[in-house]
Amino acid sequence: TSTCNALLAVFVRGNRHSEGHLLLSDKLLGLCKPDLNTYHMLLMAYCRAGEADKAVGLLEEMNAAGVEPVLESPHLLLDGLCSAGQAVEARKHLEELERRQQQQHVGGDTYIVLIRGMCRTGKLDEAKQFLRESSHRQLNVAMYTMVVDGLCKAGRLEEAFDLLEAMANREGCEPNVVTYNTLMAALCRAGRLDEALALLKEIVDKGCCPDVVTYTSIIDGLCRLKRIDEAHRFFEEMVSRQQVPDAVAYTALINGLSKAGRVGEVHRLFRYMLLDGCIPDAVTCSTLVNAFCKSGNIEAAVDMFEKMEERGCKPNVVVYTALIHGFCKLKKVDVALGLLQHMSRNGCAPNLVTHNIVVDGLCKCGRVQDAYDYFSRLLETGNCRPDTYTFNAIMEGLCKAGELDEARRLFEDMTRFCARN
RNA sequence: CUGUUUGAUGGAAUC
């Protein structure tokens, strides 16, 4: 059975949408005694292939085969259906379970899975409707807050605030600090700082206690508007309210200082962070590497990069990319290319951002042909789909090098490429 | 030897 499961995993992963593989999987089932894992993998495979009926049927089959589904089984099914864009099917299935009173298979977690799946796939109207039509169900704040967040991230702030009102009127679902944090973060992202601050004041007056997440959103928002001094004041307010700043809070302020060109304060705050006993994580390190690169202090950036490991942070694609960018800006493309190899050797795969920076770096160093080759290889291997940044970089390079025919050809390819997307 | 759901909110790279 375990061999069978291993094989099945390979098939399922190898080709997610292939009927043939699913058929093969069915055959495999005949050859061994399927267990819970076998069924779970098949369940997901059918969901991914868009075969909702078969997936649902599989749950029945499990019972017949004497494999008792666990709570996780319908969760996988609901999540899988949502991922396949079948949120409506998912809800129907949930209601079918409720109708059959399979209480062991329906609980608060089940609702969470469904709502989460809907929000993740942008089915926000369905999620709202589900909340609205669930007066007979036992819902909680977290479920509502998830939808509030979904609406916020989709830019539907008005509706998010409407939902906030609905929460206030529903027993057991009264908004809490997480709900307010969600809304304040959204206002901050939209640059509506003054409304965020007004909301902060309102909830404090109400007796709700802002936490480190609240302050981090506000600090980040203020920094993005270059209101650094206010950001600093809120950092202090957070501390005076006994909220302990974590790596995220420090990083937000460090990033703000860096973006405002106040590198001296970046150094100072980072030292303070360490003295404070706060452990920097990979994001903090990449923020600092980037800050030093941007301020032209590549030595400090490299130093920070090299100290990452001993700080217990594994360099990730973002740090490598920031550093590669730093060297490209200094026209040291060869060092950048060396880092590119170094990262791959260390099991860190470059992503589209990395590739864009390399292409741009090669172009700006007058190595347009190399950039073009690199770009072509990207297209060939198909590992990464170029985006507008990629095209802009290579176009600019070709034009500046006077290779207008080549640029024109690329431009036509590009229009075709975009039409396909 | 394989896979997965994992209850909500904040920070980093191509500007």
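Numbered from 1 within each chain, the chains take letters A, B, ... in sequence-line order. Atom set for the values below is all heavy atoms of this structure, side chains included, hydrogens, waters and symmetry mates excluded.
If you check every strand for non-hydrogen atoms under 4.0 Å, Thr321(A) touches a base. Using a 4.0 Å heavy-atom criterion, one finds that Val283(A) contacts the bases of the nucleic acid, with or without backbone contacts as well. Counting any heavy atom pair closer than 4.0 Å across all strands shown, Ala142(A) reaches a base atom. Residue contacts for Ala393(A): at a heavy-atom cut-off of 4.0 Å it reaches no nucleic acid atom on any strand shown. Within 4.0 Å of Ala291(A), counting heavy atoms only, lies no atom of the nucleic acid at all. As judged by a 4.0 angstrom heavy-atom cut-off over every strand, Val212(A) is placed among the base-contacting residues.
For rG10(B), one of the phosphate oxygens OP1 or OP2 lies less than 4.0 angstrom from a side-chain nitrogen or oxygen of Lys153(A). Listed pair Arg224(A) / rA12(B) meets the phosphate criterion, a side-chain N or O lying under 4.0 Å from OP1 or OP2. Listed pair Lys364(A) / rU14(B) fails the phosphate criterion, with no side-chain N or O lying under 4.0 Å from OP1 or OP2. Neither OP1 nor OP2 of rU5(B) sits under 4.0 Å from any side-chain N or O of Arg116(A).
Side-chain proximity of Lys259(A) to the nucleotides rG11(B), rA8(B), rA13(B) is greatest for rA13(B). With rG7(B), rA13(B), rU6(B) as the candidates, the nucleotide lying closest to the side chain of Asp79(A) is rU6(B). The side chain of Ile357(A) lies closest to rA13(B) when the candidates are rU9(B), rA12(B), rA13(B). Considering only the side chain of Thr284(A), rG11(B) comes nearest among rU5(B), rG11(B), rA13(B). Nearest to the side chain of Val248(A), among rG7(B), rU5(B), rG10(B), sits rG10(B). Nearest to the side chain of Asn351(A), among rG10(B), rA13(B), rA8(B), sits rA13(B). Comparing rA13(B), rG7(B), rG10(B) by their closest approach to the side chain of Asp109(A) singles out rG7(B). The side chain of Asn356(A) sits closest to rU14(B) out of rG10(B), rU14(B), rA12(B). For Asn255(A), whose side chain is taken as the heavy atoms from C-beta onward, the closest listed nucleotide among rU14(B), rA12(B), rG3(B) is rA12(B). For His325(A), the listed nucleotide lying nearest its side chain is rA13(B); candidates were rG3(B), rA13(B), rG11(B).
A 6.0 Å sphere centred on CD of Glu158(A) holds no more than 12 heavy atoms belonging to other residues, nucleotides or ligands. The local environment of CZ in Phe161(A) is crowded, with over 12 non-hydrogen atoms from other residues, nucleotides or ligands closer than 6.0 Å.
When side chains are defined from C-beta on, Lys259(A) counts as touching Asn255(A), because their heavy atoms get closer than 4.5 Å. Counting heavy atoms from C-beta on, the side chains of Pro210(A) and Val177(A) never come closer than 4.5 Å.
The side-chain hydrogen bond (donor to acceptor under 3.5 Å, both in side chains) with Glu98(A) is formed by just one residue from the set Arg137(A), His93(A), His136(A); it is Arg137(A).
Distance CG (Leu71(A)) to C1' (rU5(B)): 9 Å, rounded to an integer number of Å. The interatomic distance linking Met41(A) (CE) with rU2(B) (P) rounds to 11 Å, in whole Å. rU5(B) atom P lies 14 Å from atom CG of Leu36(A), rounded to whole Å. Between the CG atom of Leu352(A) and the P atom of rC15(B) there is a distance of 13 Å, given to the nearest Å. Regarding Ile115(A), its CD1 atom lies at a distance of 18 Å from the P atom of rU5(B), rounded to whole Å. As rounded to whole Å, 20 Å separates atom P of rU5(B) from atom OH of Tyr46(A). Atom CE of Met143(A) and atom C1' of rA8(B) are 10 Å apart (whole Å). Between the NZ atom of Lys294(A) and the P atom of rA13(B) there is a distance of 7 Å, given to the nearest Å.
With sequence neighbours excluded, the residues satisfying side chain to side chain contact (heavy atoms under 4.5 Å, CB included) with Lys332(A) are Phe327(A), Leu330(A), Val335(A). Residues passing the side chain to side chain contact (heavy atoms under 4.5 Å, CB included) test with Glu174(A): none are found, sequence neighbours excluded. Applying the side chain to side chain contact (heavy atoms under 4.5 Å, CB included) test to Asp162(A) and every residue at least two apart in sequence or in another chain returns nothing.
Residues from residues 295-318 of chain A with heavy atoms under 4.0 angstrom of RNA chain B, sorted by number: Asn316(A), Val318(A).
Side-chain atoms of Asn176(A) come within donor-acceptor range of the base of rA8(B), with a qualifying N/O pair under 3.5 Å. Taking only distance into account, the side chain of Thr287(A) never meets the base of rA12(B) through a donor-acceptor pair shorter than 3.5 Å. No donor-acceptor contact under 3.5 Å links the side chain of Ser217(A) to the base of rG11(B). Residue-to-nucleotide contacts include a donor-acceptor pair under 3.5 Å from the side chain of Asn37(A) to the base of rG3(B).
Aromatic pair Phe292(A)/His267(A): centroids less than 6.0 angstrom apart.
Counting only residues at least two apart or in different chains, side-chain hydrogen bond (donor to acceptor under 3.5 Å, both in side chains) contacts with residues 271-280 of chain A comprise Tyr250(A)-Asp276(A).
Counting only N and O atoms by type, the side chains of Ser135(A) and Arg170(A) include no donor and acceptor under 3.5 Å apart. Side-chain atoms of Thr287(A) and Asn290(A) include no donor-acceptor pair closer than 3.5 Å.
In RNA chain B, no stem is built from 3 or more consecutive Watson-Crick or G-U wobble pairs with both distances under 3.5 Å.
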